[in-house]
Number of protein chains: 4
Amino acid sequence: MSTRIPGPSSAMRKRPRQARSRATVAAVVQAGAQLLGEKGWAGFTTNEVAEVAGVSIGSLYQYFPNKLALVDAIRQRHFDEVLAVLDRAADGGTPAEALVDGMIAVHSANAALHRVLLDLPDPDGSGAAYRAFQAEYLRRYEAVVAALDGGRDGIVAQVLSSAVEGVIHNAARRGVLQSPEVRRELTRLVLGYLGRGA
Amino acid sequence: MSTRIPGPSSAMRKRPRQARSRATVAAVVQAGAQLLGEKGWAGFTTNEVAEVAGVSIGSLYQYFPNKLALVDAIRQRHFDEVLAVLDRAADGGTPAEALVDGMIAVHSANAALHRVLLDLPDPDGSGAAYRAFQAEYLRRYEAVVAALDGGRDGIVAQVLSSAVEGVIHNAARRGVLQSPEVRRELTRLVLGYLGRGA
Amino acid sequence: MSTRIPGPSSAMRKRPRQARSRATVAAVVQAGAQLLGEKGWAGFTTNEVAEVAGVSIGSLYQYFPNKLALVDAIRQRHFDEVLAVLDRAADGGTPAEALVDGMIAVHSANAALHRVLLDLPDPDGSGAAYRAFQAEYLRRYEAVVAALDGGRDGIVAQVLSSAVEGVIHNAARRGVLQSPEVRRELTRLVLGYLGRGA
Amino acid sequence: MSTRIPGPSSAMRKRPRQARSRATVAAVVQAGAQLLGEKGWAGFTTNEVAEVAGVSIGSLYQYFPNKLALVDAIRQRHFDEVLAVLDRAADGGTPAEALVDGMIAVHSANAALHRVLLDLPDPDGSGAAYRAFQAEYLRRYEAVVAALDGGRDGIVAQVLSSAVEGVIHNAARRGVLQSPEVRRELTRLVLGYLGRGA
DNA sequence: AATGAATGAGAATTCATTCAT
DNA sequence: TATGAATGAATTCTCATTCAT
C-alpha cells in the first residue's frame, strides 16, 4: 500500500456534469476532508472515504483517478475556504485583530485537517495549486504587515504567518483554540513584532 | 497497517549486552530517525529501517517488539538531543539570542523528524516520556520569558514556544533555516513579544 | 504466528450479498475445512486456504477479519453437519446401532477435522457456539443412554461419548474406520457398558 | 517457519559424554515436554524451550539438529515413562482396576502432552520408535484382555485402548481426571466390554 | 562446549485499484 | 453510471537455524 507515487495524477478523471455526479463528488470530498483530519495521512483509506460518503468505491474512482487526486481536491477545497474566511475576516476591526480572529476561525473549523494538509508527502504533485495558495496566503499577511509596519520586505510576512500558524496549531492540539487568553496573547505577539504596542 | 494499537509496547524487548548488539541497536535507531524524518509516519517501514541500518529485519525485532517501540526509542533519543542542545546553547549571549540559536541548531540537525514526532499517532503510548519532555521543554522557555519579561504566567511560554517552532519548521521546510535574516527576524519576534523593541 | 489473541474476532466482516460472493465464502470455508483437517492447526495458513479455494488472499480477508474467524466458521459448519448426520442416523434401527453408524458416518467424512477442532486453541473465542454444540451433542448421547439404561445421570453419557470418540478417532487414524469389525466391536462396547447394571 | 520437513533428522546430533552435557540435554527435554504440553504444537518454539531450560539456543542445537529431533526425544522419554507407569500399576489388584488406575496415573502427570504427542504431524519421522511404542502399549492391553476375556483377537485390545484413552483425555480436558466417578465408570466400561462373551 | 547475536523465509493482514455485472 | 467483489503487492512480525566469539 502506501506511498506509491503515480504519474501526474492530480486532476480529476471526469468532470461531473449532472447533478447526481456533482453530489457524489461533493460527498466524497466532504467525507475525505473529515477523515483526513480525524485519522491523519496514515489511516486515511479510500475505502473508508467511500463508505462514509455513502458511495461505492467504484464511484469514487470514477471521479478521482487515485488517492492523491482525491487529496488534491480536498486540499483545494480547504484552501479556498481558508482564503474565503480570511477575506471575510479582513473586513472587520483593526488589521491585527481581524487576522487573528480570521485564523482562529479557519482553524476552529478544521485545525487538524489544515496541519495534515501542510505535512503531506509529495506536495509537489499538486505543486501549482499549492504554490498558488501559499502566494495568495502570504499576500494577505503582507497586507497586514504593510498596514502596520510599512516598508518591510516579504520575510516579515513569512515569519509572521508561520509564527501565527505555530501558535494556532499548538493551541488546537491542546484544545484551547477558543481561549480568550490565546487570542489576546496572539494579538500581542503580532503587534509586538510589527511595531507599536496594542 | 494503519493505527493498530498494541499493548504497552514501548519498552525494548531485550537489553543488548555485547558490543555488537549495542551497535545494532544504535544503527537501527539512527536509521529509523533519518527515515522517519524523511518519509513521515506513513511511508516509514520497519523493513526499510533494517535495510538502511544494514541489519536484518529479524535483528530489528530482536530488540524492538514492534514498530511503535522503535518510534518511542527514536523519540526518546531525539528529545534527549533537543534538551542537550538547549542546555549548551543557553550558556551563550543574551537569553533571546541563545534560545533562537539553540532552536535553530536543534532543528538544523533534524527539523523534519521533530515535526513528525510531534504529530505522531498515539503519543500516549510513551505518555510519560512525552510529557516529561514537554514539561522540561517549556521550563526552558519559561526561564527565557522570566529573564526578559518577569511576572508573566505560563501561557506566554506556550505561545512563545509554539510561535518559534512554527517559524523554524516553516523555515526548515523552505530550506532557509540557516538564513541570517530568519535568525534576525526570529530574534525580533521574541523580543518584540516579550518586552523591548529590537 | 502462534497464539495471538485478537478481539472478539469471531463474526464475519461482511455479509456476502451477491451470488458470486456467497460462492467465494463457501469455497473458502470448504478449502479451510479440508486443509485444517489435513495439516492440523499448525501448518494451517490463510494463504494456502485462499489458494486452494481458488480466490485471492484479499477476498478471504474481505469476509473473515482474521484467521480465527475463519476457523470459527469452519467449526460452525462442521458442528452443524455433525448434528445433522446424527439426526438422520438416529432414525434407523436400534439406538446403539444408530449411534455407532451415525458417528462412523460423521467421521468418515472428516475425522481429522473433527479431532483438530476439539483440540483448538481458544475455543472460547466462539465459546457460545462451542458450548451449544457440546450440549446438543451430549443430549443425543443421553437419549441413547436413557433408551438403553434408564435412570443414569450425565456422567454415563460423557464417558460413553468420549469412549466412542476415542475408538473412532483411533480407527480413523489407522484407516480402518469402515471396517465391519470395528463397527461390531464398538456396538458391543456400547451395549456392554449400557446393557446390564454394574 | 513452521512445518519445514527436513531429512531423516530424528537422531541426536551428538551423544553427550560428560555430566554437564547430559544435564543440558535433560534440561532441554524436560522444558520441552512441559512447554509442548502447555502450549501445544503450535506455540511450541525452540527458543522458548532453551530459555525455560536455562541454556542458550546454541546449546540446544548442539544436541538436537532440529525441532523434530527434539520432539522425538520428548516423545521417547514420555513413552518410556508411560510404559514404566503401566508396569508398576499392573502389579496391583485386579487387571481392570490396575489398568484404569495406571492409565489415570499416567495421564495425571501430563495428559496434555500425551494428547499432543499422538496428534503430532509427521509421526513417520520417528516411525520406528512410534510403532515400537504402540506395539508395546497394545501388548499390555492384550494382557488385560486375555486375563478377562480369553480367546479374543487384537481388535479388542485396540478398541479397548482407544476407548480408555478417549475417556481419559476428555476427563483430563474437563479437569475431572481425579474424580472417583470417572474411575468407577471407566472400570465399568472395561468390565462391561470384556466381561461377558459376545 | 557454550553463548547469544544475526539471519531471512514465511505467515497474517491491509488497502489502493480494477473490472464484471 | 453505479456497484461491490476481487485482486495482489506491500507491510508487520515470528521463529527455526547458523555462526562468530
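Here is how names work: the chains are called A, B, and so on, in the same order as the sequence lines, proteins then strands, and each is numbered from 1. Worth knowing before you read on, the calculation uses all heavy atoms, side chains too, and leaves out hydrogens, waters and symmetry mates.
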Shortest non-hydrogen contact between D/Ala53 and D/Ala27, atoms and distance: CB-O, 3.6 Å
Whole angstrom value for the distance that separates C1' of E/dT17 from CG of A/Leu70: 13 Å
Selected nucleotide, minimal atom distance to B/Thr45 side chain, candidates E/dA11, F/dT11, F/dA5: F/dT11
Of B/Leu60 and C/Glu48, the one whose closest DNA chain E nucleotide lies more 5': B/Leu60
Position toward the 5' end of DNA chain F (nearest nucleotide), C/Val55 or B/Gly58: C/Val55
C/Ser56 vs F/dT7: side-chain N/O to OP1/OP2 distance below 4.0 Å: yes
For atom NZ of B/Lys67 and atom P of E/dT13, their distance in whole Å: 17 Å
Proximal nucleotide (of F/dT14, E/dT3, E/dA6) relative to the D/Ser59 side chain: E/dT3
B/Val55 side chain near B/Tyr63 side chain, heavy-atom distance below 4.5 Å: no
Pairing partner (Watson-Crick or G-U wobble, both distances under 3.5 angstrom) of E/dA9: F/dT14
Over all atoms of both residues, closest heavy-atom pair of B/Trp41 and B/Val71: CZ3-CG2, 3.4 Å
Selection from E/dT3, F/dT17, F/dT7 that lies nearest to any side-chain heavy atom of D/Gln62: E/dT3
Interatomic distance where CD1 belongs to B/Ile57 and P belongs to E/dA11 [whole Å]: 17 Å
Any B/Arg13 side-chain nitrogen or oxygen under 4.0 Å from OP1 or OP2 of E/dG4: no
Any C/Tyr61 side-chain N or O less than 4.0 Å from OP1/OP2 of E/dT14: no
Who pairs with E/dT14 - Watson-Crick or G-U, where each distance is under 3.5 Å: F/dA9
Below 4.0 Å: OP1/OP2 of E/dA12 and any side-chain N or O of C/Thr46: yes
Mutual orientation of the aromatic rings belonging to A/His114 and A/Phe133 [parallel < 30°, tilted 30-60°, perpendicular > 60°]: perpendicular
C/Tyr63 vs F/dA6: side-chain N/O to OP1/OP2 distance below 4.0 Å: yes
Side-chain H-bond candidate by donor/acceptor type, D/Ser56 with D/Ser59, under 3.5 Å: yes
Selection from E/dT13, E/dT17, E/dA9 that lies nearest to any side-chain heavy atom of C/Asn47: E/dT13
C/Arg77 with C/Asp80: basic N within carboxylate O range, under 4.0 Å: no
Any B/Thr24 side-chain nitrogen or oxygen under 4.0 Å from OP1 or OP2 of E/dA6: yes
Atom-pair distance (CG on B/Leu68; C1' on F/dT11), nearest Å: 15 Å
Whole-Å distance separating the CZ atom of B/Arg20 from the P atom of F/dC19: 13 Å
D/Lys39 NZ to F/dT14 P, straight-line distance once rounded to whole Å: 13 Å
Per B/Ser21 side chain, nearest of listed nucleotides F/dG4, F/dA2, E/dA6: E/dA6
Residue closer to the 5' end of DNA chain F, C/Ala23 versus B/Phe44 (nearest nucleotide): C/Ala23
